[in-house]
J.: 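Let me give you the structure first, and then I'll get to my questions.
Letters A, B, ... are given to chains in the order of the sequence lines, protein chains preceding strands, and every chain is numbered from 1. Keep in mind it's a predicted model, so treat the numbers as computed, not measured.
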2 protein chains.
Amino acid sequence: MSSKVTIHEVARLSGVSIKTVSRVLNREPNVKNDTRTRVQEAVAALNYRPNISARSLAGSKAYLIGVFFDNPSPAYVTDVQLGAIARCREEGYHLIVEPLDSTGDVAAQVEPMLHTLRMDGVILTPPVCDNVAVLDVLEAEGVPYVRLSPDQDLDRSAHVRMDDVRAAYEMTAHLIGLGHTDIGFIKGHPEHGASHLRYEGYVAAMTEHGHAVREEHVEQGWFSFRSGFEAAERLLDRPDRPTAIFASNDDMALGVMAVANRLRLEVPQTLSVAGFDDTPGAKVVWPQLTTVRQPIQAMAAAAADLLLTGATRAEGDAPPPSRLLDFELVVRESTGPVA
Amino acid sequence: MSSKVTIHEVARLSGVSIKTVSRVLNREPNVKNDTRTRVQEAVAALNYRPNISARSLAGSKAYLIGVFFDNPSPAYVTDVQLGAIARCREEGYHLIVEPLDSTGDVAAQVEPMLHTLRMDGVILTPPVCDNVAVLDVLEAEGVPYVRLSPDQDLDRSAHVRMDDVRAAYEMTAHLIGLGHTDIGFIKGHPEHGASHLRYEGYVAAMTEHGHAVREEHVEQGWFSFRSGFEAAERLLDRPDRPTAIFASNDDMALGVMAVANRLRLEVPQTLSVAGFDDTPGAKVVWPQLTTVRQPIQAMAAAAADLLLTGATRAEGDAPPPSRLLDFELVVRESTGPVA
DNA sequence: TAAAGGCATGACAGCCTTGTCAAGGCGAGC
DNA sequence: GCTCGCCTTGACAAGGCTGTCATGCCTTTA
């Protein structure tokens with residue numbers, strides 16, 4: 001039962017017109033310092049906060065940023081929200097979350113929500129960020145958007161990514177540095193762009209350090225625990241088994257650990273295991289998993305920043321703006337020197 | 001660049017006044033069926049969607065529901081969002097997420113956001129739902145709210161809960177049914193209400209089945225992996241160790257599994273392990289964990305429902321409305337017949 | 001048959017802010 | 001000293017919708 005203070009009372013108290021109050025609020029130029037101060041004092045005295053609905057009805061901004069997702073990983077989704085909100089709050093923006101159902105007609109879900117609720121921008125997470133129908137609707141409605149870790153068509157829009165290739169390279173180099181030369185690799189889902197990039201980094205590190213990439217030490221996985229489990233069974237059930245396995249994500253790495261556990265191979269004494277993503281599970285297993293941390297919150301904050309600063313459209317022939325963020329190698333207990 | 005259709009065009013096309021269109025849109029009574037149909041056709045033909053800002057500026061509803069959280073568990077947070085949005089979409093409502101920082105001055109974070117952005121209701125998750133300062137601000141601002149699984153002061157507001165006592169009872173009964181009589185128990189964080197309720201269920205089941213609760217088989221934990229690990233070490237490092245351990249949450253149960261793994265006790269052949277919560281980790285370990293699933297999405301949907309139907313205030317002397325939802329026993333591979 | 005009441009509908013104001021445009025004040029340039 | 005143009009400010013409309021109240025018509029009741 002408060003929040004009844006309007007711009008009119010502020011204007012009255014500070015002895016100016018409502019328009020001038022509006023100017024001060026929106027940091028517009030051409031207001032005398034004296035006046036500005038007087039208005040600010042009135043705002044503070046009345047504890048006035050502009051009404052978002054009226055603002056967005058009258059003006060062009062809605063003070064709302066959308067986050068669209070259909071991500072199987074709650075940890076990822078939450079981190080995105082946390083990162084985005086951190087930046088949004090600085091500008092008084094709020095976050096609207098819109099879970100999508102990729103198995104259905106996504107465009108049909110997006111179109112009405114954009115129609116009803118004006119959003120100043122939208123952050124798209126994988127896999128929604130690669131759904132062409134969604135991008136089409138967004139563009140048709142004229143809503144700016146930023147994609148997080150898109151796989152395809154990078155030049156189509158503004159986006160934020162992490163350097164998967166370098167991360168995989170450095171993880172491989174870490175293992176090599178521990179004395180490993182036979183390093184198994186489990187690829188990720190072939191339809192996820194990150195899978196190829198991570199494999200590329202692995203190959204580059206092996207090659208540059210003079211180690212052959214042995215075909216029989218590379219297995220196809222699908223990013224799931226089960227696929228990691230099965231790939232590990234194939235990798236470890238052979239006399240010349242690798243002394244280390246680098247899985248393209250944590251879930252598969254946990255599958256590897258489960259197999260090692262079953263075969264009574266001690267980790268990391270007999271087998272080193274490395275993952276990718278730093279999911280919560282990585283800290284729950286024993287020993288804790290060495291992995292790569294994506295700066296998800298920072299990436300989401302960067303995406304929000306692109307939106308808030310309006311830097312989402314390409315200038316002339318230049319590619320659309322994008323940001324490439326640094327990863328972090330998280331060395332825990334599942335990797336160690338070769339026996 | 002669309003979304004330019006207004007209520008006026010709909011009115012023109014269907015040959016009625018904008019007020020009547022508004023009536024149809026809001027399902028108000030006193031509109032002839034014939035007219036209603038004509039308007040609905042016009043709405044469909046023009047692909048019209050009312051503008052939320054205008055609506056909330058003119059009327060009393062904002063079509064926004066807030067979700068406040070400061071929850072360490074991303075899986076929980078995501079499920080709440082999914083459940084709430086499912087119900088909200090039916091009524092054209094959107095979800096605003098507001099992560100809070102409980103370590104700071106929460107009221108100071110909540111007050112401005114409520115002031116700026118009108119919300120028709122707020123869903124509070126643990127531990128925010130037990131933060132008195134937040135409840136105070138909400139009430140002062142006159143914003144209806146529903147608490148999810150609150151610990152304290154249940155009669156203060158509408159809330160949605162699960163029957164922890166019965167769930168713990170049934171899990172214990174499940175173990176007893178497998179032939180276990182020496183069942184160890186690891187309590188949860190003593191400041192979380194759920195801890196007491198779960199312990200209560202365990203004690204009730206043991207007693208009713210004629211088994212003594214042996215004090216040396218009950219350990220204090222803190223809901224963390226580490227505390228479960230340490231409690232398990234104490235429980236299992238004794239000649240008369242229990243044949244089954246029921247931990248008050250999954251993280252601690254995973255700690256138990258790690259100790260069992262270390263001591264080379266086969267699960268479930270030598271030791272049965274049960275958890276509570278059905279976190280993602282429960283499916284990732286091997287063998288997969290028997291646990292209790294909270295119907296989080298359903299609970300969040302119920303909370304949204306209370307908000308949308310306006311059933312948040314107590315009637316007269318009656319306690320405020322609340323809903324008690326059913327849990328689900330998820331029997332997987334970590335529990336088995338006693339050796 | 002007239003009065004009363006209910007139903008269906010419309011005119012209009014109002015919600016709170018921003019955008020547009022005009023006006024007044026004042027210093028600079030000629 | 002006068003015009004020009006910039007800075008500062010304000011009046012007013014607009015934005016799309018709902019709330020209130022009035023209107024006319026039809027049905028019920030005595």
J.: Could I get the full list of ring-ring contact (aromatic ring centres under 6.0 Å, His included) partners for Tyr145(A), not counting sequence neighbours?
T.: none

J.: Can you list, in residue-number order, the parts of residues 14-31 of chain A that come under 4.0 Å of DNA chain D, counting heavy atoms only?
T.: Val16(A), Ser17(A), Lys19(A), Thr20(A), Arg23(A), Asn30(A), Val31(A)

J.: Could you list the residues that satisfy ring-ring contact (aromatic ring centres under 6.0 Å, His included) with Phe69(B), not counting sequence neighbours?
T.: none

J.: Five pairs per end, C1' atoms only: what is the angle between the end axes of the helix from dT1(C)-dA30(D) to dC30(C)-dG1(D), to 10 degrees?
T.: 40°

J.: Once you round it to whole Å, what is the distance between P of dC16(C) and NZ of Lys61(A)?
T.: 20 Å

J.: Is there a side-chain contact between Val160(B) and Ser322(B), using heavy atoms and a 4.5 Å cut-off?
T.: no

J.: For Arg147(A), give me all partners under salt bridge (Lys or Arg N to Asp or Glu O under 4.0 Å), at least two apart in sequence or on another chain.
T.: Asp130(A)

J.: Do Val43(A) and Leu25(A) make a side-chain contact, defined as non-hydrogen atoms from C-beta onward lying under 4.5 Å apart?
T.: yes

J.: Once side-chain contact (heavy atoms from CB on, under 4.5 Å) is applied, do any residues pair with Thr312(B), and if so which ones, sequence neighbours excluded?
T.: Pro144(B), Val146(B), Ala158(B), Leu307(B)

J.: Kindly state which residues belonging to residues 35-51 of chain B come within less than 4.0 angstrom of DNA chain D, counting heavy atoms of the residue only, listed by number.
T.: Tyr48(B), Pro50(B), Asn51(B)

J.: Expressed as a whole number of angstroms, how long is the span from Ile52(A):CD1 to dC17(D):C1'?
T.: 18 Å

J.: Does Asp136(A) have any salt bridge (Lys or Arg N to Asp or Glu O under 4.0 Å) partners at least two apart in sequence or in another chain, and if so, which?
T.: Arg156(A)

J.: Excluding sequence neighbours, so at least two apart, what forms ring-ring contact (aromatic ring centres under 6.0 Å, His included) with His94(B)?
T.: none

J.: Between P on dC16(C) and CZ on Arg118(B), what's the gap in Å once rounded to a whole number?
T.: 11 Å

J.: The criterion is ring-ring contact (aromatic ring centres under 6.0 Å, His included); which residues satisfy it with Tyr48(A), sequence neighbours excluded?
T.: none

J.: Can you check the Glu9(B) CD to dG15(D) P distance for me, whole Å?
T.: 11 Å

J.: When the distance from CG of Leu57(A) to C1' of dA13(D) is rounded to whole Å, what number comes out?
T.: 13 Å

J.: Expressed in angstrom and rounded to an integer, what is the separation of His8(B) atom NE2 from dT18(D) atom P?
T.: 11 Å

J.: Can you tell me how far P of dC16(C) sits from CZ of Arg55(B), to the nearest Å?
T.: 19 Å

J.: Please enumerate all residues that pass side-chain contact (heavy atoms from CB on, under 4.5 Å) together with Thr309(A), with sequence neighbours excluded.
T.: Arg87(A), Asp305(A), Ala311(A)

J.: Identify all side-chain donor-acceptor contacts of residues 29-36 of chain B below 3.5 Å with residues at least two apart in sequence or on another chain.
T.:
| residue | atom | partner | partner atom | Å |
| --- | --- | --- | --- | --- |
| Arg36(B) | NH2 | Glu28(B) | O | 3.0 |

